[in-house]
Amino acid sequence: MKKICFLIFVLFIIASCSPNQDINGDYLRGVSYTTIKNVKTVTTVGAAGDEIVATYNYTGGQLTSVTSSDNSFSYQLTYTGDDITKILYKSVDDTGKDITNTQVLTYSAGKLTKSEGDVVFAGSGTFTSSTIYSYDGDKIKSIITKVKDKATSSERYTIQTDYGFSGSNVSNFKYSLTYAAGPIIQPPIILNITLSNYDSYKNPFGTLPMAFKLVSAQFDLENNALYGFSKNNYKTTNIKTNTDNTTVNFSYSYDTDGYPILGTSSAGTVSFQYVK
């Protein structure tokens with residue numbers, strides 16, 4: 001439950017549906033929307049005082065990597081033109097062992113429709129994954145990942161995430177991890193999240209590539225859940241798991257360009273720095 005509580009806090013890292021949408025769309029008094037910023041650092045401090053700084057690195061205006069101050073996760077992005085064609089995601093499990101996830105991306109009509117790759121668990125073998133991304137118009141509708149054992153080709157589990165929207169913002173999110181049938185019956189892991197009470201300010205991650213947000217939302221639930229599909233920032237979230245039901249409220253302070261610079265809740269704080 002400790003990780004779920006931390007997840008509740010970092011869930012407000014939600015970005016707009018397109019890197020170029022709504023440059024002048026909020027009309028807040030005293031706020032300039034002529035300035036477009038890229039997020040540079042995100043510093044999260046949990047209720048226990050543990051701090052993690054995520055740094056976003058750019059080359060020629062393109063996001064090329066993300067690193068964490070405690071080495072708990074990182075991303076390396078490979079491009080062909082303006083399209084991300086490969087994402088290398090590294091993380092560690094609860095015991096400190098390395099996990100390496102390589103995803104090769106496929107597009108159709110300008111949208112990410114599929115990603116495939118290997119997930120290597122240090123000391124536990126290699127798995128293959130195949131992910132399908134489905135849309136309702138321009139909004140993400142569902143993401144389904146099938147995972148198999150690479151050595152035996154036997155199915156291990158399925159991850160499915162379903163999204164609901166209210167206007168330009170995500171209103172609900174359902175995450176399900178279902179294990180394949182086997183001699184040991186394992187119940188599915190289900191996470192139901194509702195998001196509400198949105199502000200009218202810019203989301204910090206509005207300029208990040210949509211493909212990056214889609215892939216990270218599916219494979220990095222702890223750090224990047226719902227990592228990019230809303231126009232604004234929610235202030236109330238409710239999370240229901242198999243065993244818990246928790247509601248958290250958020251408050252933000254903003255800069256003169258309409259971007260959040262500090263968010264606070266009972267789970268801790270998160271602060272942002274940007275580059276133009």
Side-chain angles (χ1 to χ4, degrees), residues 7 10-22 36-42 44 54-58 61-68 73-79 82-91 101-108 110-115 117 129 131-145 159-165 168-175 193 195 198 202-234 237 259-260 270 272 274:
L7 170 63
V10 298
L11 273 175
F12 96 91
I13 302 173
I14 303 175
S16 37
C17 292
S18 167
N20 299 312
Q21 75 176 42
D22 190 43
I36 301 173
K37 295 179 177 180
N38 292 323
V39 65
K40 180 60 178 177
T41 64
V42 180
T44 55
T55 300
Y56 293 76
N57 303 297
Y58 303 86
Q62 291 182 328
L63 178 71
T64 53
S65 66
V66 184
T67 57
S68 59
F73 67 93
S74 67
Y75 290 90
Q76 293 287 333
L77 282 63
T78 300
Y79 289 80
D82 292 330
D83 290 332
I84 300 171
T85 49
K86 185 170 75 172
I87 295 178
L88 174 62
Y89 166 52
K90 294 184 177 181
S91 60
N101 185 344
T102 303
Q103 294 293 308
V104 177
L105 283 58
T106 301
Y107 297 82
S108 177
K111 293 179 180 178
L112 175 65
T113 54
K114 188 175 184 179
S115 67
S129 69
T131 302
I132 300 297
Y133 303 82
S134 301
Y135 301 83
D136 181 5
D138 289 332
K139 296 181 176 71
I140 186 64
K141 181 179 181 180
S142 66
I143 308 175
I144 300 176
T145 300
I159 300 171
Q160 178 166 341
T161 53
D162 299 296
Y163 297 86
F165 283 80
S168 298
N169 294 314
V170 174
S171 57
N172 60 278
F173 164 81
K174 182 179 180 181
Y175 171 93
I193 301 169
L195 307 164
Y198 279 85
K202 288 181 174 293
N203 192 283
F205 293 88
T207 58
L208 292 180
M210 176 55 70
F212 169 72
K213 293 183 283 190
L214 287 164
V215 172
S216 63
Q218 186 72 351
F219 290 99
D220 188 10
L221 182 65
E222 184 176 342
N223 293 297
N224 300 307
L226 299 181
Y227 201 157
F229 313 116
S230 291
K231 171 183 173 181
N232 306 117
N233 309 289
Y234 65 77
T237 182
Y259 288 86
V270 60
F272 300 91
Y274 302 91

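All values reported here derive from a predicted model rather than from experimental measurement.
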Gap between atom CD1 of Ile144 and atom OG1 of Thr131 - 0.5 Å precision: 9.5 Å
Side-chain donor-acceptor contact under 3.5 Å, Tyr133 with Ser115: yes
Please say whether the positively charged group of Lys111, taken as NZ for Lys or CZ for Arg, lies over the ring of Tyr135, i.e. under 6.0 angstrom from the six-membered ring centre and within 45 degrees of the axis. yes
Leu214 versus Ile143: any side-chain heavy-atom pair under 4.5 Å? yes
For a quick check under 3.5 Å, do Asn38 and Tyr58 share a side-chain donor-acceptor pair by atom type? no
Going from CD1 on Ile140 to CG on Leu112, what distance comes out if it is rounded to the nearest 0.5 angstrom? 8.0 Å
Treating Ser171 as the side-chain partner and Gly164 as the backbone partner, does any N or O pair qualify as donor plus acceptor under 3.5 Å? yes
Are there more than 12 heavy atoms of other residues, nucleotides or ligands under 6.0 Å from atom NZ of Lys86? no
Report yes if the side chains of Gln76 and Thr64 come closer than 4.5 Å at any heavy-atom pair, otherwise no. no
Please check: side-chain N/O of Asn233 versus main-chain N/O of Lys202, any donor-acceptor pairing under 3.5 Å? yes
Distance, nearest 0.5 Å, that separates OH of Tyr163 from CZ of Phe173: 4.5 Å
Tell me the closest heavy-atom pair linking Lys213 and Gly206, and the distance in Å. NZ-O, 4.3 Å
Please give me the minimum heavy-atom distance between Lys231 and Asn169, naming the atom from each residue. N-OD1, 3.0 Å
Any donor-acceptor pair under 3.5 Å from Asn101 side chain to Tyr89 backbone: no
Judged by modelled atom types alone, do Thr145 and Gln218 share a side-chain donor-acceptor pair under 3.5 Å? yes
Under the 3.5 angstrom rule, does the side chain of Asp162 hit a backbone N or O of Ser142 as a donor-acceptor pair? no
Taking side chain as C-beta onward, heavy atoms only, is Ser230 less than 4.5 Å from Phe205? no
Within the side chain of Tyr259, is there an N or O that forms a donor-acceptor pair under 3.5 Å with the backbone of Lys37? yes
So, the side chain of Ser68 versus the backbone of Phe73: is there a donor-acceptor pair under 3.5 Å, distance only? yes
Positive for side chain to side chain contact (heavy atoms under 4.5 Å, CB included) with Thr78, one of Ile87, Ile84, Thr85: Thr85
Which distance, rounded to the nearest 0.5 Å, do you find between the NZ of Lys139 and the CZ of Phe229? 13.0 Å
Centroid separation under 6.0 Å, is that true for the rings of Tyr75 and Phe212? yes
Within the structure provided, determine whether Leu88 and Ser74 are in side-chain contact (heavy-atom separation under 4.5 Å). no
Is it the case that over 12 heavy atoms from other parts of the model lie below 6.0 angstrom from the NZ atom of Lys90? no
Atom pair OG1/CD1 of Thr207 and Ile36 - distance to nearest 0.5 Å: 8.5 Å
Please confirm whether the backbone N or O of Leu63 pairs with a side-chain atom of Tyr79, one donor and one acceptor, at under 3.5 Å? yes
